[in-house]
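Written below as structure tokens is the structure these notes are about.
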There are 2 protein chains.
Amino acid sequence: MPLRIIITAGDAMNIGEAAQLSGVSAKMIRYYETIGLISKATRSYSGYRDYQERDIHILRFIRRARAAGFSTLQIKKLLALWQDRQRPAREVKQFASEHLSELKEKIAELEAIATALSQLIAHCHGDDRPDCPILDTLAGESTGGKFDECGKRHPPIRRHSAPKPKI
Amino acid sequence: MPLRIIITAGDAMNIGEAAQLSGVSAKMIRYYETIGLISKATRSYSGYRDYQERDIHILRFIRRARAAGFSTLQIKKLLALWQDRQRPAREVKQFASEHLSELKEKIAELEAIATALSQLIAHCHGDDRPDCPILDTLAGESTGGKFDECGKRHPPIRRHSAPKPKI
DNA sequence: GCTTGACCTTCCAATGATGGGAAGGTTCAG
DNA sequence: CTGAACCTTCCCATCATTGGAAGGTCAAGC
């Protein structure tokens with residue numbers, strides 16, 4: 001992966017440098033532009049996107065907000081709150097609190113699953129014999145078992161990670 | 001939502017009844033067939049899929065495994081283990097344990113986010129004044145802040161829930 | 001000037017599990 | 001025979017993210 005380190009004196013920079021400085025991939029910067037999360041970048045004569053320090057700040061904000069688990073839609077609102085210097089902190093606190101509640105709910109769901117699974121695993125002798133309470137429970141005839149109760153939401157397993165903040 | 005309750009004496013049934021009995025939606029049954037998680041259903045003369053009791057058991061197994069947070073790929077393996085009556089329970093236990101580790105890791109990540117967010121919220125006075133440590137942190141100039149560390153994976157926010165087990 | 005390679009551009013595709021809906025065929029009861 | 005409730009296949013959307021192709025641009029070194 002050859003990676004030329006870009007150093008520029010002034011403010012203006014291409015998308016690659018913006019990506020390096022902000023920790024948001026160029027791909028994602030373009031994506032954020034298409035979904036309207038950031039405003040359309042001005043273009044150089046040849047069509048290259050042009051970024052300033054100010055854009056880098058915004059992109060970093062977005063990266064951190066993503067790392068905090070906010071969706072792009074939520075970030076749109078956060079950006080609006082951020083840019084409005086008159087907004088009362090109350091609004092921000094409330095918004096963040098709602099997100100925190102969702103997070104906690106998700107955690108509780110996962111923990112319910114983990115607990116149930118732990119118990120099954122604990123009850124499995126795990127030797128060469130074929131009888132196994134784990135499979136028996138999943139196959140179970142009875143209703144109202146552990147896994148008829150918990151784990152109602154299951155986001156797809158993702159291959160791609162969110163951008164790993166290296167800056 | 002008109003819903004006719006279907007009661008059939010014998011084993012053979014259409015996809016709708018299979019869905020009701022298994023708790024897996026007809027849509028998902030077809031999907032599981034296309035991705036090869038279940039074998040292709042036999043068809044009636046007119047092309048309707050035909051299901052037996054045995055298929056219902058498999059579908060219930062899949063539903064519970066999904067509720068336990070296994071991906072369809074993992075379930076494929078679980079089904080193979082289940083169907084192999086000679087497999088040592090050790091294998092199942094190991095497989096489930098690996099999944100449990102992943103679950104715990106995910107929980108830990110979410111908890112790191114939740115903790116960091118909690119702290120920010122706690123530090124926000126939340127009144128009418130505009131200064132707010134939450135936004136300040138997201139906008140922060142400094143590197144190595146809370147959200148430069150935690151939360152590396154963020155599955156997309158889903159609209160659709162996994163099938164809610166009602167049976 | 002020309003080449004080369006590292007940039008940049010747009011566009012399309014895939015991921016994973018799930019639902020929505022259209023267009024059209026089947027079945028069964030009244 | 002009609003209508004409703006099934007069934008079929010096919011395409012689309014979600015969300016954030018990456019991959020890759022096809023092609024334009026720029027700057028350094030020859």
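A note on names: the letters A, B, ... follow the listed sequences, proteins ahead of strands, and every chain is numbered from 1.
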I29(A) CD1 - dA16(D) P separation (whole Å) = 16 Å

query = Whole-Å distance between dT9(D) P and K27(B) NZ?
reply = 11 Å

request  = Round to a whole Å and report the spacing from CZ of R63(A) to C1' of dA16(D).
outcome  = 16 Å

query = Does CZ in R85(B) sit with more than 12 non-hydrogen atoms of other residues, nucleotides or ligands closer than 6.0 Å?
reply = no

inquiry  = Expressed as a whole number of angstroms, how long is the span from R43(B):CZ to dC7(D):P?
reply    = 12 Å

query = Would you say the side-chain atoms of D55(A) pair up with the backbone N or O of Q52(A), donor to acceptor, closer than 3.5 Å?
reply = yes

inquiry  = Within a 6.0 Å radius of atom CD on Q94(A), are there more than 12 heavy atoms belonging to other residues, nucleotides or ligands?
reply    = no

inquiry  = Taking the minimum atom-to-atom distance to the side chain of M28(B), which one of dC8(C), dA17(C), dT17(D) wins?
reply    = dA17(C)

ask   = Are S71(A) and dC15(D) close enough that a side-chain N or O sits under 4.0 Å from OP1 or OP2?
value = no

query = What residue among E33(B), R30(B), K76(B) forms side chain to side chain contact (heavy atoms under 4.5 Å, CB included) with I38(B)?
reply = E33(B)

message = Could you check whether any side-chain N or O of R60(B) sits under 3.5 Å from a backbone N or O of H57(B), counting only pairs where one atom can act as donor and the other as acceptor?
response = no

query = Contact class for I15(B) vs. all strands (heavy atom < 4.0 Å): base, sugar-phosphate, or nothing?
reply = sugar-phosphate

query = Checking all strands, does R49(B) fall into the base, sugar-phosphate, or nothing category for heavy-atom contacts under 4.0 angstrom?
reply = sugar-phosphate

ask   = Rounded to whole angstroms, how far apart are CD1 on I75(A) and C1' on dC15(D)?
value = 12 Å

query = With a 4.0 Å cut-off, would you call D128(A) and R90(B) a salt bridge?
reply = yes

key: Protein-nucleotide distance (K40(A), atom NZ; dT10(C), atom P), rounded to Å   = 10 Å

note = From CZ of R30(B) across to P of dC12(D) the rounded distance in Å is 18 Å

For nucleotides 27-30 of chain C, list the nitrogen or oxygen atoms of the protein found under 3.5 Å from its nitrogen or oxygen atoms, one pair per line.
| unit_1 | atom_1 | unit_2 | atom_2 | d |
| --- | --- | --- | --- | --- |
| dT27(C) | OP1 | S46(B) | OG | 2.8 |

ask   = Quick one: CZ on R129(B) to SG on C124(B), what's the gap to the nearest 0.5 Å?
value = 9.5 Å

ask   = Could you state the OH-C1' distance from Y31(A) to dT15(C), rounded to the nearest angstrom?
value = 13 Å

inquiry  = Given dA16(D), dG20(D), dT18(D), identify the nucleotide with an atom nearest to the side chain of T72(A).
reply    = dA16(D)

